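A quick write-up on the structure given underneath.
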There are 2 protein chains.
Amino acid sequence: MNTEASTITHRQFKDSVYEQLARVGKAMAAPKRIELLDLLCQAPRTVETLAELSGISVANASQHLKVLREARLVTAEKQGLYVEYRVADAQVGLYFHALRTVAETRLVELERITRQHLERHGAPEPVCGEELLRRVRAREVTVLDVRPLEEYRAGHIPGAISVPLPELAKRLAKLPKNREIVAYCRGPYCIWAVEAVELLRKKGFRAQRMEFGVLDWRARGYRVETQKETQA
Amino acid sequence: MNTEASTITHRQFKDSVYEQLARVGKAMAAPKRIELLDLLCQAPRTVETLAELSGISVANASQHLKVLREARLVTAEKQGLYVEYRVADAQVGLYFHALRTVAETRLVELERITRQHLERHGAPEPVCGEELLRRVRAREVTVLDVRPLEEYRAGHIPGAISVPLPELAKRLAKLPKNREIVAYCRGPYCIWAVEAVELLRKKGFRAQRMEFGVLDWRARGYRVETQKETQA
DNA sequence: TCAGTGTTCAATGAACCACTTGAATACTCG
DNA sequence: CGAGTATTCAAGTGGTTCATTGAACACTGA
C-alpha cells in the first residue's frame with residue numbers, strides 16, 4: 001500500500017485538502033475582511049453600509065466581500081436597490097469567534113490595546129464575566145441590548161430589551177429603578193455598553209456591563225432570539 | 001461623545017484590534033502552515049519531522065513555523081539536539097477545528113475531493129458519525145487508535161487501545177473476536193482507519209471506521225486521555 | 001425608455017509572501 | 001574544546017494581494 005505511486009497521490013490529496021482549507025484561512029488574513037465579517041455577524045448589511053462602517057471605499061469593500069463570498073463565508077442577495085450580504089451559516093460565526101478567542105488568549109498586545117482604550121473612555125472595573133452570564137441566564141437582571149435596532153432584530157440574548165445607545169437618554173424613565181441592569185453590545189471591543197452603563201449609573205441606576213456579545217452567547221451553546229421586538 | 005476627534009481614535013482602535021486578529025488569521029492563510037498546525041495538533045514534533053511529514057524543505061518549514069510562532073499559535077522548545085514545536089494551548093486546536101468545520105460545511109469541493117480519495121482506497125460506506133460516537137462514549141465497542149504511538153501518547157480517546165497501523169497485522173490475535181471494533185486515526189482526511197477496518201474485516205472481525213479524530217472529540221467537550229499506554 | 005443609483009469589474013503600482021539557496025548560529029556530545 | 005548536526009537567517013525571485021481609480025454593468029423608478 002505504500003508504493004511510490006500511492007505515496008505521491010497521497011501527497012496530492014493532502015495538498016488539495018489543505019489548499020481548500022486555506023481558502024477559508026485566506027479569507028481571514030486581511031484586517032478589513034475580518035472587520036467586515038464581524039459586522040456581518042451582528043446583522044446582514046448592504047455593501048454601502050459595510051464600507052461606511054469599516055471606513056473603506058465601496059469598491060474596496062465590494063472586492064473584500066468578493067473574497068469572502070468565494071470562500072463561501074458570506075452570501076449576497078439583491079434586495080430591491082441594494083445587495084445585502086450575510087454570513088453563510090451559523091458555523092461561520094463560530095469560526096470567527098474561535099479566531100477571536102485564540103487572539104484574546106494568546107496575544108497580550110490585544111488585551112493591552114483594549115484595556116488602554118477602555119480606560120480612556122472611563123470604563124468601569126472589569127467584571128467577572130461568567131458569574132454575570134449566569135445571572136443573565138437566570139433572568140435575575142434586566143438585560144439591555146444597546147446596539148442598533150437591526151442588529152437586535154437579527155439576533156439577541158433571550159429576554160433582552162432593545163435600547164439603542166442614542167435613545168437611552170430619553171427612555172430612562174421606562175427602565176426599572178429597583179432591578180439591576182446589565183447592558184451588552186457587539187462584544188468585548190465595543191464601548192457602547194460601557195457608555196450606557198456610565199449614563200445609567202449617573203442617573204442612579206444599578207448597572208453593569210457584560211462584555212459578551214451575541215456571538216459569545218451562541219458559542220456557549222445558548223439559544224439566540226430573533227425578530228421579536230421586545231421594547232421597554 | 002461623537003466628536004470628530006473621538007471618531008478618529010475610535011477608528012484607530014478598531015484598526016489595531018483587527019490588525020491583531022489578522023495576525024492569527026494570516027497564520028492560517030498558507031496551505032502548508034495549516035498542514036503543519038494540523039500535524040502539531042496530533043503531537044509535538046521537531047522541525048525535521050514536520051518538514052518530512054509535510055513534504056517541504058527544512059528551511060521552509062522553519063520559516064513557516066516562525067510565522068506560526070509569531071502569531072503565538074505554537075511554541076518552540078529545545079529538547080536535546082532538536083527543537084520541539086507544539087501548539088501553544090488547547091484553544092489553538094479548537095480554532096483549527098473551527099476552520100476545518102467551516103470548510104467542511106461550506107466547501108463542496110472539499111467533500112468531493114475526500115470522497116474520491118476514499119473511494120479509490122476502497123473505503124467502506126460512510127458511517128453515521130454521531131451514533132457511532134455515542135457507542136464509543138458508552139464503551140460499547142473496542143476502540144482502536146491506529147496512529148503512531150507518539151500521537152496516541154500526546155492525547156487519545158479515553159479507553160482507546162494504541163495499535164499503530166503498521167503493527168495491526170501482527171497484533172490481530174490479541175483483539176477480541178466477538179466484540180465490535182471501531183478504529184480512528186487523525187481525522188476525516190486520514191485513511192489509516194479505513195485501511196485498518198479493511199484488514200480487520202478481511203480477517204473476520206466486525207469493524208467500523210470512525211471519521212472523528214481527537215480534535216473532533218475535544219471540540220465536543222469530551223475528555224482526552226494522555227500519556228497512558230494501554231496496549232492490546 | 002432613460003436618468004440615476006448601487007455594485008462590480010479591470011487595470012495599475014506598491015507591498016507583501018512563499019520558496020530556494022547558501023551561509024551563519026547555536027547547540028550537543030565526544 | 002572542537003567536530004558535527006539541527007535550526008535559523010539573509011538575500012533573491014517569481015508570484016500574489018491590497019488599495020485606488022475610472023469605467024462598466026444591472027437594476028429601479030419615473
Side-chain angles (χ1 to χ4, degrees), chain A residues 11-12 14-16 18-37 39-40 44-86, chain B residues 11-12 14-16 18-40 44-71 73-86:
Chain A
R11 183 87 323 266
Q12 286 172 342
K14 280 185 188 166
D15 284 350
S16 37
Y18 289 112
E19 190 189 315
Q20 292 300 317
L21 296 185
R23 280 176 66 184
V24 176
K26 278 181 191 151
M28 300 282 261
K32 284 299 175 192
R33 253 179 342 247
I34 300 182
E35 183 167 3
L36 291 175
L37 202 68
L39 288 165
L40 288 173
R45 293 179 207 279
T46 67
V47 179
E48 203 174 22
T49 319
L50 287 166
E52 196 190 354
L53 290 173
S54 59
I56 57 180
S57 73
V58 171
N60 196 7
S62 174
Q63 227 155 215
H64 278 306
L65 289 165
K66 190 186 174 191
V67 176
L68 289 173
R69 225 172 41 212
E70 281 166 354
R72 312 275 169 77
L73 296 185
V74 307
T75 58
E77 196 189 355
K78 190 112 190 187
Q79 296 279 21
L81 197 51
Y82 301 84
V83 173
E84 191 177 71
Y85 278 82
R86 58 179 65 229
Chain B
R11 183 90 317 271
Q12 285 171 342
K14 281 185 189 165
D15 284 350
S16 37
Y18 289 113
E19 191 190 315
Q20 292 299 317
L21 295 186
R23 279 176 66 186
V24 176
K26 277 179 190 150
M28 301 283 259
K32 284 299 173 192
R33 252 172 352 240
I34 301 183
E35 183 167 2
L36 291 176
L37 201 69
D38 191 5
L39 288 166
L40 288 174
R45 293 180 206 277
T46 67
V47 180
E48 203 174 21
T49 319
L50 286 167
E52 196 191 354
L53 289 173
S54 60
I56 58 180
S57 73
V58 171
N60 194 9
S62 174
Q63 226 154 215
H64 278 307
L65 288 166
K66 190 185 174 192
V67 176
L68 289 172
R69 225 172 43 212
E70 280 166 356
L73 297 186
V74 306
T75 58
E77 196 189 355
K78 190 109 188 188
Q79 297 278 21
L81 199 50
Y82 300 85
V83 173
E84 191 178 71
Y85 278 81
R86 58 178 65 226

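Labels below follow one simple rule: chain letters A, B, ... track the order of the sequence lines, proteins then strands, and each chain is numbered from 1. This structure is a prediction, so every number in the text was calculated from the model and none was measured.
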Measuring to OP1 and OP2 of D:dT8, would you say a side-chain N or O of B:Tyr85 lies under 4.0 angstrom away? yes
Do any side-chain nitrogens or oxygens of B:His64 fall under 4.0 Å of OP1 or OP2 in C:dC17? no
Go through C:dT7, D:dT7, D:dA19 for me and flag the one nearest to the A:Gln63 side chain. D:dA19
When you measure from the side chain of A:Lys32, which nucleotide among C:dC9, D:dT7, D:dA19 comes out closest? D:dA19
Under a 4.0 Å N-O cut-off, is there an ion pair linking A:Arg33 with A:Glu70? no
A:Leu40 and A:Leu65, any side-chain heavy atoms less than 4.5 Å apart: yes
When you measure from the side chain of A:Ala59, which nucleotide among D:dC9, D:dT7, C:dC9 comes out closest? C:dC9
Of C:dT7, D:dA19, D:dA6, the nucleotide closest to the side chain of B:Glu48 is D:dA6
Expressed in angstrom and rounded to an integer, what is the separation of B:Lys26 atom NZ from C:dC16 atom C1'? 9 Å
Side-chain N or O of A:Arg33 versus OP1/OP2 of D:dT17: is the shortest distance under 4.0 Å? no
Nearest heavy-atom neighbours spanning B:Ile34 and A:Leu21: CD1-C, 3.8 Å
Mapping A:Ile56 and A:Gly80 to their closest nucleotides on DNA chain D, which lands nearer the 5' end? A:Ile56
Earlier contact from the 5' end, DNA chain D, for A:Leu81 and B:Ser62: B:Ser62
Check the distance between C:dT8's C1' and A:Lys78's NZ and give it to me in whole angstrom. 10 Å
Just to confirm, is there a sub-4.0 Å distance from OP1 or OP2 of D:dC18 to any side-chain nitrogen or oxygen of A:Asn60? no
CD-NZ distance between A:Glu19 and B:Lys32, expressed to the nearest 0.5 angstrom: 10.5 Å
